[in-house]
Amino acid sequence: MSKAVAIGFEDIKEIIDKNRYYVDKTLMIRDLLDRGGKVNLFTRPRRFGKTLNLSMIRRFFEREITFEGKDILNGYIFDNLKISSCGESYMAHQGKYPIISLSLKSAKQPTYEMAYKCLVDEIAKEYKRHIYVLRGERLTEHEKKRFQTIMNHEGEGTDYVKALEFLSSCLMEYHEKKVIILIDEYDVPLENAYFGGFYEEMISFIRSLFESALKTNANLEFSVITGCLRISRESIFTGLNNLRIYSILSNQYADCFGFTEEEVKELLSSCQLKDNFVKVKSWYDGYRFGDKEIYNPWSILNYVDTAMENHLAEPQRYWSNTSSNSIIRELVEGADAATRQEIEKLIAGEIIEKPVYEDITYDDIHESQDNLWNFLYFTGYLKSCRESFKEDTMYMELMIPNTEIRSIYKQTILAWFDKKIKACDRSELIRALENGDIEGAEKFVSEQLLDTISFFDYAENYYHGFLTGLLKGAGKYLVVSNRESGNGRPDIILKAPSVRGSAIVLELKVADSFQQMEKECQKALAQIEDKKYETELRKEGYNDIRKYGVCFYRKECMIR
């Protein structure tokens, strides 16, 4: 029987204990020891295994101790994993270090006060996890009192700014061994603070917390930090000369986050889903980290979990449910005409070229449109096809990585269009159609087309949905789409609530060129007459019936 996949598991110990399928990333431990970086920052998109990898590092290196001071043995977790075959020089580090493990993802709160309290709570929990240090005589009474003050949420602001540095000194005293510090989702408080309007307050606290723990800490063995974005050195890691940054541009550790194609094939084969590989590749492949081709692990695991129950299950948009996709929304809602064209090119599978800047801050997001493209790239909504340098600036050819991400763009655009249309005064269009003002109607529809983002191949169903969206909810008329009438189906009918009012019949055509639009409009009008579309309307009692042939070519509209 196949092992079940681990959906939402963030601790390697739980995965092994429950005999779930684990994609082995333990060679990252070997690389950390070989490279010897003091402070290592890994930036990857959301749900690409950062939290799970930190748990792997913690469970391997930590000498874990219970509240009562007894050792917890975690060595068995790695018995059949790749690191166990790397030799004694690596395995000698197992279970030997005190570890501080802190996640900052709980700081996603609407105010600074609430976010700060959540961070303080996480710090206090980590103190409580190491409460055993209060046993015996290793710490002075003053140190014990300070430890308890922080653990009990009774400290001042300066206590929590220096909390990681002080905890590491307590652990050094107890274990007589330098400390490993693991910090997960370091940029979540900053992203949240940016959108919440308290960025400066939060960045000041995080900067001070990191400086004391990572810059001036004599008790630090090494540190691993994870996040979604690389925040500029000046804003967070001030003066931290021992920082090594491994972004999605880096070849080092490129295959440690996300799944390689070989790992995906092994997983599908293990779950008797080998025949599903082609659709999985189309939906969830397409990322490139360094020199490696990478699949989205969260989406792969969710799909496999579903497909194990139903082998014919179609892929879905799993990753979009993990975040608000606020960055795409920012791009779409703020797009000028040039940006709208670029989004359309991307959704059509084409490539755009943009300069890439790794050292950015959330404050920079609206400084230029290029910064927003950078955010989309580093957060996994675009992938790089090729890099080049122009006057010392890196440029990348960017495209949407796969079907799943393309569908997120489409979903976001549809929601934006719906919101935009609801806020639009469409009475001008209705009046034009009532009065036979074809120039006014043409102008209104064409202006709306120019101001939208299309992700269709300008086929008739796109224009049908577009025009129906414009007319629905405009008030005064009931909009009927593709209903039976006469000898066929008119594209759109507008009917006044009372038969004493007007009815409007719209037949749509799409031209292959601007020059053909007039001809297609006349075809539409002829079709209305030939198919007797007005028959049912007259049976209902409508006498004032207006008939329009509407033709579209790209973002142009002609009405006759």
Side-chain angles (χ1 to χ4, degrees), residues 336-338 340-341 343-345 347-348 413-414 417-418 420-421 424-483 485-496 502-534 537 542 544-560:
D336 56 18
R340 286 195 293 271
Q341 283 188 347
I343 295 171
E344 288 177 353
K345 285 179 67 175
I347 292 175
I413 290 164
L414 283 172
F417 178 70
D418 188 52
K420 179 177 175 294
I421 290 302
C424 169
D425 180 7
R426 290 156 283 169
S427 59
E428 181 183 337
L429 173 61
I430 298 297
R431 279 195 302 273
L433 292 173
E434 287 175 331
N435 299 327
D437 178 10
I438 59 172
E439 288 184 1
E442 281 179 350
K443 181 173 180 290
F444 185 92
V445 175
S446 294
E447 284 176 352
Q448 295 301 318
L449 276 170
L450 284 169
D451 201 30
T452 59
I453 299 168
S454 168
F455 51 81
F456 293 93
D457 297 327
Y458 295 113
E460 187 173 327
N461 63 344
Y462 162 65
Y463 294 113
H464 186 280
F466 169 81
L467 192 54
T468 303
L470 271 181
L471 295 168
K472 277 189 173 177
K476 199 170 181 181
Y477 287 90
L478 171 68
V479 179
V480 182
S481 177
N482 281 131
R483 295 278 180 86
S485 181
N487 297 323
R489 294 174 180 266
D491 285 318
I492 301 171
I493 295 177
L494 278 66
K495 295 161 61 174
S502 302
I504 300 171
V505 179
L506 301 169
E507 185 62 27
L508 278 56
K509 297 293 179 184
V510 178
D512 293 329
S513 68
F514 182 78
Q515 289 75 18
Q516 288 184 334
M517 291 181 76
E518 177 71 43
K519 181 181 176 182
E520 293 298 325
C521 277
Q522 296 306 324
K523 273 189 187 178
L525 288 170
Q527 183 174 325
I528 292 172
E529 299 303 324
D530 293 343
K531 300 285 188 180
K532 297 181 171 57
Y533 286 158
E534 67 186 87
L537 291 170
Y542 289 97
D544 182 8
I545 301 172
R546 298 177 183 275
K547 293 169 274 190
Y548 292 97
V550 183
C551 181
F552 293 96
Y553 171 68
R554 301 187 69 81
K555 294 203 172 185
E556 298 292 336
C557 174
M558 180 179 285
I559 301 177
R560 294 290 181 264

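None of these values were measured; they are calculated from a predicted model. Numbers here simply count residues along the sequence, with the first being 1.
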NZ/NE/NH1/NH2 to OD/OE distance under 4.0 Å, R560 and E442: yes
Verdict with reasoning, K443 to E447, per salt bridge (Lys or Arg N to Asp or Glu O under 4.0 Å): CA-CA 6 Å; K443 181 173 180 290; E447 284 176 352; 2.9 Å; yes
Distance (rounded to the nearest 0.5 Å) between I492 CD1 and T468 OG1: 3.5 Å
Residues K531 and E507 bridged, charged N to O under 4.0 Å: no
More than 12 heavy atoms from other groups under 6.0 Å of CD on Q522: yes
NZ/NE/NH1/NH2 to OD/OE distance under 4.0 Å, E520 and K523: yes
Verdict with reasoning, Y533 to Q527, per side-chain hydrogen bond (donor to acceptor under 3.5 Å, both in side chains): CA-CA 8 Å; Y533 286 158; Q527 183 174 325; 3.0 Å; yes
Whether H464 side chain and L508 backbone form a donor-acceptor pair below 3.5 Å: no
Nearest heavy-atom neighbours spanning F444 and C424: CZ-SG, 3.9 Å
Atom NZ of K555 with >12 non-hydrogen neighbours under 6.0 angstrom: yes
Expected output: side-chain R426 to main-chain K472 donor-acceptor under 3.5 Å: yes
Ring geometry between F552 and Y463 (parallel below 30°, tilted from 30 to 60°, perpendicular above 60°): parallel
E344/R340 salt bridge by N-O under 4.0 Å criterion: no
